[in-house]
J.: 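The structure is given below, and queries will be raised subsequently.
Reminder, nothing fancy here: chain letters follow the sequence lines and each chain counts from 1. Please read these numbers as outputs of a predicted model, since none were measured by experiment.
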Amino acid sequence: MRITTWNVNSIKQRLPHLLAFLDEARPDVVCLQELKCQDEAFPRAEIENAGYAVEALGQKAYNGVALLVRKPLAIAPDSVRRGLPGDPADEQARYIEALISGETEQPVRVASIYLPNGNPVDSPKYPYKLAFMERLRLHARALMEDEIPVVLAGDYNVIPEPADAADPEAWRSDALFLPASRAAFRAILAEGYTDGLRACDPRDGLYTFWDYQAGSWQRNFGIRIDHLLLSPQACDRLVSASVQKHLRGLDKPSDHVPVTVELSAG
DNA sequence: ATGCCAATTCTCAATTGA
């Protein structure tokens, strides 16, 4: 089972690239972030025609997450969770989760996460980010209890280590790289989760985001902020992980590229 | 230190992102 996470930065703008990616890469599960569209406007028919079941949580203009599941895999009935537990007042569309099952594969629980950016750090946005990460840690812990493999995939908006940025000094006081942000990320890992890409590829220079500005792509001024975190049972099945970097070089790209892990059937 | 770019919105300027 191949599971991909991709912040598309507007599902409407990126639909041609997404459909081409589904056709070429044929991932089994796709976790999308930054749909920037309400559920009524989600291009459901086009994606279903490509062979995928869709569950989405959208809102106007900002945020928005979705899960795509390629047939014959399916989303277990009544298994979809919309919104991260822990704060009923949080109305931002940043979390969707479901149990994925198939005839020949062991089930896997998969979440698509759009973690808050947190900038500027002296605004309420930064404490919101840290509170969201603590909620995610607690939920990640709860999800391990039934021992079904868990993959928490998404745009974490966290640069875990200096090796995950081409120029770490440039991010020193940014919400993506502040010590408290990195500590909150490590606290999730400490619950027993593994950074899937890092577990497969120890090299420096693995990036998943290049800013549209200042020629970041051309100069390879990237950062690694899109992650797939695997519970112990999921990590036992980890076969490979990779970044689909070439998509950043297309016309009208997202500023993020897909990241994919492959799990054995069980 | 700021803008650089891209997308969205009750658009022609402001807001958000990272």
J.: Tell me the interatomic distance from A/R94, atom CZ, to B/dT16, atom P, rounded to whole angstroms.
T.: 12 Å
J.: Check A/R224 with A/D201, please: is the shortest side-chain N to carboxylate O separation under 4.0 Å?
T.: no
J.: Can you work out whether A/N9 or A/N157 has the more 5'-proximal nearest nucleotide on DNA chain B?
T.: A/N9
J.: Please classify the nucleic acid contact of A/D226 as base, sugar-phosphate, or nothing, using heavy-atom distances under 4.0 Å.
T.: nothing
J.: Between B/dT8 atom C1' and A/K60 atom NZ, what is the distance in whole Å?
T.: 10 Å
J.: Check for me whether the distance between the ring centres of A/Y212 and A/W217 falls short of 6.0 Å.
T.: no
J.: Just to confirm, is there a sub-4.0 Å distance from OP1 or OP2 of B/dA7 to any side-chain nitrogen or oxygen of A/K252?
T.: yes
J.: Mind checking the P distance from B/dT11 to B/dA6? Whole angstroms is fine.
T.: 22 Å
J.: Could you please name the partner base of B/dG17, counting Watson-Crick and G-U wobble pairs only when both distances are under 3.5 Å?
T.: B/dC5
J.: Pick the P atom in B/dT16 and in B/dC10, then give their distance to the nearest Å.
T.: 13 Å
J.: Taking only side-chain nitrogens and oxygens of A/K125, does any of them come within less than 4.0 Å of OP1 or OP2 of B/dG17?
T.: yes
J.: Provide, to the nearest angstrom, the distance between the OH atom belonging to A/Y128 and the C1' atom belonging to B/dG17.
T.: 14 Å
J.: Give the rounded distance in Å between these two atoms: NZ of A/K12 and C1' of B/dA6.
T.: 16 Å
J.: Look through every strand shown and name the nucleotide pairing with B/dC12 as Watson-Crick or G-U wobble, where both distances are under 3.5 Å.
T.: none
J.: Once the angle between the rings of A/W6 and A/F21 is folded into 0 to 90°, is it parallel (under 30°), tilted (30 to 60°) or perpendicular (over 60°)?
T.: perpendicular
J.: Quick check on DNA chain B: between A/L35 and A/D211, whose nearest nucleotide comes earlier from the 5' end?
T.: A/L35
J.: Tell me which residues in residues 212-225 of chain A put a heavy atom below 4.0 Å from DNA chain B, sorted by number, or none.
T.: A/Y212, A/Q213, A/A214, A/I223, A/I225
J.: Between B/dG17 and A/K36, is there an OP1 or OP2 to side-chain N/O distance shorter than 4.0 Å?
T.: no
J.: For atom P, what is the distance between B/dA14 and B/dA1, given to the nearest Å?
T.: 23 Å
J.: Take the protein atom CG of A/D255 and the nucleotide atom C1' of B/dT8, then report the distance between them rounded to whole Å.
T.: 14 Å
J.: Scan A/Y114 against the nucleic acid and name what it touches under 4.0 Å (heavy atoms): base, sugar-phosphate only, or nothing.
T.: sugar-phosphate
J.: Please determine whether a side-chain nitrogen of the Lys or Arg among A/R44 and A/D39 lies less than 4.0 Å from a carboxylate oxygen of the Asp or Glu.
T.: no
J.: Which whole-number value in Å describes the distance from A/I11 CD1 to B/dT8 P?
T.: 11 Å
J.: Does A/R14 place a side-chain N or O at less than 4.0 Å from the phosphate oxygens OP1/OP2 of B/dA6?
T.: no
J.: With a 4.0 Å cut-off on heavy atoms, is A/D155 in touch with a base, just the backbone sugar-phosphate, or nothing at all?
T.: sugar-phosphate
J.: Taking atom C1' of B/dA18 as reference, at what distance in whole Å does atom CG of A/D167 sit?
T.: 14 Å
J.: Could you state the atom-to-atom distance from CG of A/L176 to P of B/dT16 in whole Å?
T.: 17 Å
J.: If you count the non-hydrogen atoms of other residues, nucleotides and ligands that lie under 6.0 Å from CZ in A/R26, is the total more than 12?
T.: no
J.: What nucleotide among B/dC10, B/dT8, B/dA18 has an atom nearest to a side-chain atom of A/N7?
T.: B/dA18
J.: Would you measure the distance from the P atom in B/dT2 across to the matching atom in B/dA13 and give it in whole Å?
T.: 23 Å
J.: Taking only side-chain N and O atoms of A/N117, does any of them lie within less than 4.0 angstrom of OP1 or OP2 on B/dG17?
T.: no
J.: Charged N to carboxylate O below 4.0 Å: is that the case for A/R248 and A/D255?
T.: no
J.: For B/dA18, does either OP1 or OP2 sit under 4.0 Å from a side-chain N or O belonging to A/H256?
T.: yes
J.: Tell me whether A/R182 is salt-bridged to A/E161, with the criterion being a basic N under 4.0 Å from an acidic carboxylate O.
T.: yes
J.: Which word best sums up how the rings of A/Y95 and A/H139 line up, parallel for under 30°, tilted for 30 to 60°, or perpendicular for over 60°?
T.: perpendicular
J.: Salt-bridge test for A/R141 and A/E191: reply yes if a basic N is under 4.0 Å from a carboxylate O, no otherwise.
T.: yes
